[in-house]
Amino acid sequence: MSKTKFDMSNVSNDEDDFSAEKQEWLDSLQAFQAAHDISRVQELLRVLQNHALKTGVPLEEATLNTPYRNTIPIQNQPAYPGDIELEQRIENINRWNAMAMVLQAYDSGSGVGGHIATYASAATMLEVGFNHFFRNHSEDYGGDIVNVQPHGAPGTYARAFLEGRLSEQNLKNFRRELAPEGGLSSYPHPRRMPEFWPCPTASMGLSTVTSIYLARYAKYLENRGLKPAHGGKVWCFIGDGESDEPEVLGTINIAAREKLDNLILVVNCNLQRLDGPVRGNSKIIQELESVFRGARWNVIKVIWGSAWDELFARDANGVMQRRMNEAVDGDYQMYSVLPGDQVREHWTHDNPELAELMKTLSDEDIRTIKRGGHDPKKIYAAFNEAVNTSGKPTVLLIKTLKGYGMGAKGEGSNLTHQKKSMSSSERLESARQFNIPLSDEQIERAEFYKPAADSEEMQYLQQRRAELGGYQPIRQVKCPSLPEADDSAFQDALQGTERSVSTTMSLVRILTKLMRDKSIGKYVVPIVPDEARTFGMDDLFRQVGIYSCEGQQYQPVDASSISPYKEAKDGQILQEGICEAGAMASFLAAGTAYAHFGVPTIPFYIFYSMFGFQRVGDMIWACGDSMCRGFLVGGTAGRTTLNGEGLQHEDGHSHVLANTVPNLLSYDPAFSCELAVIIRDGMRRMYTEQEDIFYYLTVYNENYAQPALAKGSEEGILRGIYRFKRADESLPDHDTPQVHLLGSGSIMQQVLSPRTNLRSKALPRMSTA
Ligand SMILES: Cc1ncc(C[n+]2csc(CCOP(=O)(O)OP(=O)(O)O)c2C)c(N)n1
Ligand SMILES: [Mg+2]
């Protein structure tokens, strides 16, 4: 707030009754502010607020929302460090090539589709990021992970084309990545483009939870000394419609709790989703602001472009700000399609003071005045503040126009999301607006445009990326292989026991021993969603600690017991609370740490099997797309021992679902020795041989004697079937009916028990497998 001008923006319009009192209060605040530092001013306001609350004046809304304007005032806006005019030229070329990619795919008649409008709205913010912020890994910097909106992928490809990372042929085969000469996946997809995309983002909502837990995992690795604490941000760009997904708002609390200042979430608020407005009757930016502020994030709004600054400066009574606060997103969307005179009419209706204020703008100015998301200066200021924020995550709410630059039929229309074809005149209009120096015929054919390598544009673009350490987005696997685990971890299980134990108990024993292994123990990461006691893992609390970025600032109630609840800054266990989506995201982060951080962590995520595939199946699919490694372990599986808990806990089908994930190997071992063989081989394949696979294992809580590993059975166990026992060898094997009984998991107990019964019913030969 400047010293000479009061911010009256939140003050209502009733000049009648008590404007003098308001002015007095503002004057005193101003005087106080002049004499004290910010913390004192904050304290004073808090005292006032507490007093109001105590005396029955609720103020929640006022504290969670700020006026509908940019968070960063003009006086705090840094000078723009780049060549804006040149950057605009580069952006225009990217806009054209992204558009051309989709148009060529359409023209080819292949019917592969594509999206233009999303990138059109996001281009400026992404370009500011690429030119000034997204930094790569280096000796002294951890490297950024950049996740973009899936439907904006053509824009990222277009930039990579200029950079020389992708060929024209690649672009021509957009959405046809299996074409022999190479192509591009529709959406960010590491498995399809393993050196390009860091994370899959096509399933809306999952990139947010993935990014939050990746940022948190980076801190976990740093706190455990497995990764240097030398920076690296996770940037996640999502749509405003996407924020409806429960994985987005459902996981933001953890980001604040864990103080993830290495996380920057950018919401592209173009006010539209696929079908129409996101919040026609209110304002998505204000709604998200209150939710994120409530979750204690640093919230930065970028709403208005620079041309509005001068109007704000003249808006001494807050008349324009009030109108901005009042108009709903449905109105703003309408303004994006109406001619300037009609916008003026609607905007200033019955408001002569506002009409007077807006007089300096022509109708054409009013039609074309920019939203903040298309103004690099405003975006730069916001990104700059975000990267320099410490102690909390930042969300940027950036207002844009969907289909920006697509011409009258594209911008702001409810059909724009699906628009993948454009008429000749629309193509010409867009290309000319972007100053693309191609002939009319080339433009009609939607040909790509790439300036010469020695042009100003190309040199600038390359130089900016070189200064930021290389190209983005990127996925680079530089991770050492691990030696095979010491066999001692598996010995007990391989030898078997007469004593009745469950496969769950054996798993925990193997896990405990693996964590003691000198060379690989520190890489093992047990993950539990508030079920450690259920699986008998509570002893691990004391042994390796539960990770907490704050350590343990209280004495646990069971401090004097042999197995106290121990939280520690370098704790190894990830206790996720009752949040399977979050636990899966931790599994994903731990299982892809080899690619993101060069650290080969080995996650074992143990959960009630019923809350795995059917609850968070899409996250498991994302693990497959991410080439995640590690062990998913469905506990209390099967239908034998949880009858008391009702059918809801009876899992007879998670393996059916598991089989749908191509790079997931699923096993339902019956005996501890089988479990040991599978885990030992899995660790070898994933961490010594670095194969891109992961595992789903089911374990049971039924106790029974565990046989020793039979000689020669390993290969069969790993292939999924082997002969466990043959019927009495002494019986003649000619002309006699044979029965083969098959089983896995704890049902093997039933498979084995009828052997004698069946034989007594005169079935002379029988084998079980
Ligand atoms: C889980 C999921 N549901 C639905 C879709 C289909 N879908 C793709 S984009 C989109 C609209 C996106 O709107 P928004 O997030 O506002 O992004 P914008 O394109 O407006 O930037 C929808 C519904 C999807 N990709 N993932
Ligand atoms: Mg949108």
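These values consider heavy atoms only, across backbone and side chains, with no hydrogens, waters or symmetry-generated copies. We count ligands from 1, going down the list as the structure has it; atoms in each ligand are counted the same way.
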(message) Does this structure show an ion pair linking R95 with E91, if we count only N-O contacts that are shorter than 4.0 Å?
(response)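 So R95 pairs with E91 through a salt bridge.
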(request) Decide if the gap between the ring center of W197 and the ring center of Y157 is smaller than 6.0 angstrom. (result) yes
(message) If you take the centroid of each ring, where Trp contributes its six-membered ring, are F613 and W621 closer together than 6.0 Å?
(response) no
(request) Of all N, O or S atoms in D240, identify the one at the shortest distance from the Mg ion (ligand 2). (result) OD1
Looking at the Mg ion (ligand 2), is there an N, O or S atom belonging to [X] that lies under 2.8 Å away from it?
X: S121; result: no
X: E242; result: no
X: N270; result: yes

(message) For H132 and Y80: C-alpha separation, side-chain torsions, deciding distance, then whether ring pair (Phe, Tyr, Trp, His ring centres under 6.0 Å) applies.
(response) CA-CA 10 Å; H132 302 284; Y80 196 77; 5.2 Å; yes
(request) Please report the closest heavy-atom contact between R371 and N270, naming both atoms and the distance. (result) NH1-O, 4.4 Å
(request) Kindly compute the distance separating CD1 (I72) from CD (Q77), expressed to the nearest 0.5 Å. (result)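 Those atoms lie 8.0 Å apart.
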(request) Give a yes or no on whether Y332 atom OH has more than 12 heavy-atom contacts from other residues, nucleotides or ligands under 6.0 Å away. (result)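 Counting other residues, nucleotides and ligands, OH of Y332 exceeds 12 neighbours.
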(message) Under the side-chain hydrogen bond (donor to acceptor under 3.5 Å, both in side chains) test against K402, which residue among Q333, E411, H417 passes?
(response) H417
(message) I'd like the residue list for ligand 1, meaning every protein residue with a non-hydrogen atom under 4.0 Å from the ligand.
(response) T118, Q149, H151, A202, S203, M204, G239, D240, G241, E242, E245, N268, N270, Q272, R273, L274, K402, H417
